[in-house]
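Let me begin by presenting the structure, written as structure tokens, before commenting on it.
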Amino acid sequence: MCLRKEILKDLQPYGARLVAVSKTKPIAQIREMYEEGQRIFGENRVQELVDKRPQLPSNIEWHLIGHLQRNKVKYIADFVQMIHSVDSIALAREINKQAQKHDRVISILLQVRIAREETKFGIPAHDLDRFLEELLQLNLTHLSIEGLMGMATFTDDEEQIRKEFTELKNGFDRVKASFFPDHDHFREISMGMSGDYKIALEEGSTLVRIGSLIFGAR
Ligand SMILES: *Cc1c(COP(=O)(O)O)cnc(C)c1O
């Protein structure tokens, strides 16, 4: 059985969805997975996404999962379905502005810094409430704020990974209760990659972002 199908079986009891991370992979391999029924694909670079999209079926749901520079939002705003990596107010405003130009609403997730590793990206977990207060005050009507995204530390220490995913889930529950109590759209927790998606599912993931396990090593 192909690995994608095995992963879909793992996701099913949790009602979670698979983002097939196709970065660095050729069009033919992406099309093959599309033909098996996969519809959500994730890329982490704007240029690669923009190059690939016209070569593939138009009903693919493209997710931008990697760090996004403000000046590149305009290249993807007319088609991108979800941006997982929003970690600044300035970026959120730019996505809103570009979405408005195309008369669209773009789904976003707020990337939260949960890893122990030093990284520039992501909103520190203790800043999340303040960030949301500021974001919601802006009333950006071309954004749909749908949840949180996080990446665990790159380590073999499963308990560490679990702890970080639990932190993201707790952050999600807290934010949902304070800011989106009656808001059905705030429902996604994007966590889990090839090496840690099973732990992520146990800790409440709704979107797993898996590349190498289904497409082969990069
Ligand atoms: C590459 C990437 C993934 C997928 O990683 P794999 O280990 O290949 O499954 C998930 N999320 C982000 C943000 C990535 O850049």
Side-chain angles (χ1 to χ4, degrees), residues 2-11 14 16-26 29-30 32-33 36 38-53 60-69 72-73 76 80-88 91 95 106-123 125 146-158 160-162 164-165 167-169 171-172 188-218:
C2 84
L3 276 168
R4 175 178 164 272
K5 285 200 181 125
E6 277 182 45
I7 291 166
L8 291 180
K9 254 175 44 188
D10 291 337
L11 298 184
Y14 298 97
R17 296 183 297 156
L18 171 65
V19 179
V21 177
S22 50
K23 64 188 187 201
T24 77
K25 296 301 172 184
Q29 223 183 329
I30 302 171
E32 208 174 294
M33 198 155 294
E36 286 172 17
Q38 182 65 29
R39 289 295 176 270
I40 309 177
F41 289 88
E43 289 281 340
N44 69 338
R45 302 176 76 109
V46 166
Q47 188 59 53
E48 191 174 344
L49 175 52
V50 166
D51 289 344
K52 280 173 169 173
R53 185 181 82 107
I60 285 180
E61 198 181 292
W62 288 105
H63 289 205
L64 197 284
I65 59 173
H67 178 65
L68 176 59
Q69 286 173 309
K72 295 194 174 162
V73 174
I76 58 172
V80 74
Q81 181 71 34
M82 183 179 276
I83 297 173
H84 290 228
S85 46
V86 175
D87 64 356
S88 78
L91 178 59
I95 296 167
I106 296 178
S107 301
I108 65 164
L109 305 180
L110 306 180
Q111 182 173 352
V112 182
R113 198 186 303 170
I114 52 172
R116 196 175 42 180
E117 296 155 339
E118 270 308 307
T119 157
K120 307 190 284 287
F121 305 130
I123 304 158
E146 305 204 341
L148 305 181
M149 182 274 235
M151 289 171 85
T153 304
F154 188 72
T155 172
D156 289 334
D157 182 350
E158 287 200 4
Q160 179 66 28
I161 294 170
R162 192 178 294 281
E164 293 170 2
F165 286 155
E167 188 186 340
L168 189 63
K169 170 70 160 88
F172 173 88
E188 305 290 1
I189 306 177
S190 170
M191 62 184 185
M193 315 187 355
S194 290
D196 56 21
Y197 80 92
K198 287 186 181 170
I199 305 174
L201 288 170
E202 287 166 6
E203 300 309 321
S205 174
T206 66
L207 280 172
V208 296
R209 309 177 310 270
I210 297 184
S212 45
L213 197 59
I214 52 174
F215 281 112
R218 283 183 300 273

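For ligands, and for the atoms within them, numbers begin at 1 and follow the listed sequence. Just so it is clear, the values below take in all heavy atoms, side chains as well, and ignore hydrogens, waters and symmetry mates. In this chain, residues are counted from 1 in sequence order.
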In the protein, what heavy atom is nearest to [atom], and what distance, to one decimal place, separates them?
| atom | answer |
| --- | --- |
| atom 4 (C) of ligand 1 | Arg209 O, 3.6 Å |
| atom 9 (O) of ligand 1 | Ser194 OG, 2.5 Å |
| atom 15 (O) of ligand 1 | Lys23 NZ, 2.7 Å |
| atom 5 (O) of ligand 1 | Met193 CE, 3.5 Å |
| atom 12 (C) of ligand 1 | Ile65 CD1, 3.5 Å |

Between the side chain of [X] and the main-chain N/O of [Y], is any donor-acceptor distance below 3.5 Å?
| X | Y | value |
| --- | --- | --- |
| Ser85 | Gly66 | yes |
| Ser205 | Ala200 | no |
| Gln81 | Ser107 | no |

Practice task
Kindly compute the distance separating NE2 (His84) from CD (Glu146), expressed to the nearest 0.5 Å.
Solution key: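 Interatomic distance, His84 NE2 to Glu146 CD, rounded to 0.5 Å: 9.5 Å.
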Practice task
Determine, stepwise, if the pair Ile76 / Val50 fulfils side chain to side chain contact (heavy atoms under 4.5 Å, CB included).
Solution key: CA-CA 7 Å; Ile76 58 172; Val50 166; 4.0 Å; yes
Exercise for the section: Please verify whether a non-hydrogen atom of His84 lies at under 4.0 Å from ligand 1. Expected result: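 Contact absent.
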Problem - Residue-ligand contact Leu213/ligand 1, heavy atom below 4.0 Å - result: no
Handout entry: Polar proximity ligand 1 side, Met149 side, N/O cut 3.5 Å exclusive
Key = no
Practice task
Output the list of atoms in ligand 1 that are nearer than 4.0 Å to some heavy atom of Ile210, sorted by atom number.
Solution key: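 So the answer, numbered in order with elements, is 9 (O).
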Exercise for the section: May I ask you to list the atoms of ligand 1 that are less than 4.0 angstrom from any heavy atom of Gly211? Expected result: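 Those atoms are 4 (C), 6 (P), 8 (O), 9 (O).
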Problem - With Glu43, the side-chain hydrogen bond (donor to acceptor under 3.5 Å, both in side chains) member among Lys23, Lys52, His63, Arg53 - result: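 Answer after filtering Lys23, Lys52, His63, Arg53: Lys52.
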Practice task
For the residue pair Thr206 and Glu188, confirm or rule out a side-chain donor-acceptor distance under 3.5 Å.
Solution key: yes
